[in-house]
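By convention in this document, chain letters (A, B, ...) are assigned in the order of the sequence lines, proteins followed by strands, and residues within each chain are numbered from 1.
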Amino acid sequence: MDTKDKIKVMLDSLQAFYPAASLELNYSSAFELLIAVILSAQCTDARVNQVTQILFKKYKSPQDYIEVDLEELENDIRPSGFYRNKAKLIRGCCETLIRDYESEVPVNIQDMISLPGVGRKTAAMVLGNASAVQQGIAVDTHVKRVVQRLGISPHVEVDKIEQNLMRLVHPEKWTFFSNATILFGRNICQSRKPRCSECPFKDWCPSPDKTI
DNA sequence: CTCCCGATAT
DNA sequence: ATATCAGGAG
């Protein structure tokens, strides 16, 4: 089966499995999602939601994040891990939003990745889910693992994998593909103990039983 | 490439 | 004990 067919089969199955694939992060604006995605690095959604439930009541705007002491912000996001890094990134991000973007989250990917703490994965995820703008495919650890196992992209660099996927998937489906593949990677094609017997692609997957 | 960080699954 | 979890910066 060639790569194009794999993508086609994949999209069909994912539509059936996850007809309305969405994120499991809680947010009520592009700005909140931006903060949530920054916090989600190397951290589960459940924990991020736990943190943001309190955080979003206290911090409503970019200004709110730069007015408190850095230590206070660190303390407020501590359970998400990497809290010193993340606090600094959030501060820098909010400062840039205020200075260059009138406190609004940009709606194109070039502007997004200019923000401290925002790479293509975060940018694509925020744009696709909160701003309904599909300018990239969020290649996170799940998407990377799934497409590697399925033999869809030979690359190991996420940027190259993304470029590859953007050629293979119609732009209107970029966000769906990303969201659904992440769910699939979390629920079926897991990193540690993949549930290959339940996988709709087991007949042609070149990496049966967790070889990657 | 390393570092940042802590909780949880295995 | 150790690998991993919705990464990105230096």
So, is [X] close to the [N] phosphate, meaning a side-chain N or O under 4.0 Å from OP1 or OP2?
X        : N     : result
A:Arg186 : C:dA6 : yes
A:Thr122 : C:dG7 : no
A:Ser191 : C:dC5 : yes
A:Gln42  : C:dG7 : yes
A:Arg78  : B:dA7 : no

Check the distance between [N]'s [atom2] and [X]'s [atom1] and give it to me in whole angstrom.
X        : N     : atom1 : atom2 : result
A:Glu162 : C:dG8 : CD    : P     : 11 Å
A:Leu34  : C:dA6 : CG    : P     : 19 Å
A:Ile35  : C:dG7 : CD1   : C1'   : 15 Å
A:Ile77  : B:dC5 : CD1   : P     : 9 Å
A:Glu24  : C:dC5 : CD    : C1'   : 14 Å
A:Glu157 : C:dG7 : CD    : C1'   : 16 Å
A:Phe177 : C:dA6 : CZ    : P     : 17 Å
A:Gln50  : B:dC5 : CD    : P     : 19 Å

Q. Looking across every strand, which nucleic acid part, if any, lies under 4.0 Å from A:Val48 by heavy atom: base, sugar-phosphate, or nothing?
A. nothing

Out of [options], which has the shortest distance to the side chain of [X]?
X        : options             : answer
A:Leu89  : C:dA9, B:dA7, C:dC5 : C:dA9
A:Asn85  : C:dC5, B:dT8, B:dC5 : B:dC5
A:Asp140 : C:dA6, C:dG7, C:dT4 : C:dA6

**Q.** Atom CD of A:Glu172: over 12 foreign heavy atoms under 6.0 Å
**A.** yes

Q | Under-4.0 Å salt bridge between A:Arg91 and A:Glu74 | A | no

(Q) I'd like to know if A:Lys58 and A:Asp64 make a salt bridge, using a cut-off of under 4.0 Å between side-chain N and carboxylate O. (A) no

(Q) Quick check: any donor-acceptor pair below 3.5 Å linking the side-chain of A:Arg192 to the base of B:dT10? (A) no

Taking atom [atom1] in both [N] and [M], what distance in whole Å separates the two?
N     : M     : atom1 : answer
B:dC1 : C:dA6 : C1'   : 23 Å
C:dT4 : B:dT2 : P     : 15 Å
B:dC5 : C:dT2 : C1'   : 16 Å
B:dA7 : C:dG8 : P     : 23 Å

Q.
When you group the ILVMFWY residues by side-chain heavy-atom contacts below 4.5 Å and let the links chain together, are A:Ile161 and A:Leu168 in the same group?
A. yes

(Q) What's the separation between atom CD in A:Gln135 and atom CH2 in A:Trp174, rounded to the nearest 0.5 Å? (A) 8.5 Å

**Q.** Aromatic contact, A:Phe31 with A:Tyr59 (centres under 6.0 Å)
**A.** no

Q: Would you please determine if the base of B:dC5 is stacked by A:Phe82, with stacking meaning a centroid separation under 5.5 angstrom and planes under 30 degrees?
A: no

Q | 5'-most by nearest nucleotide on DNA chain C - A:Asp45 or A:Leu115 | A | A:Asp45

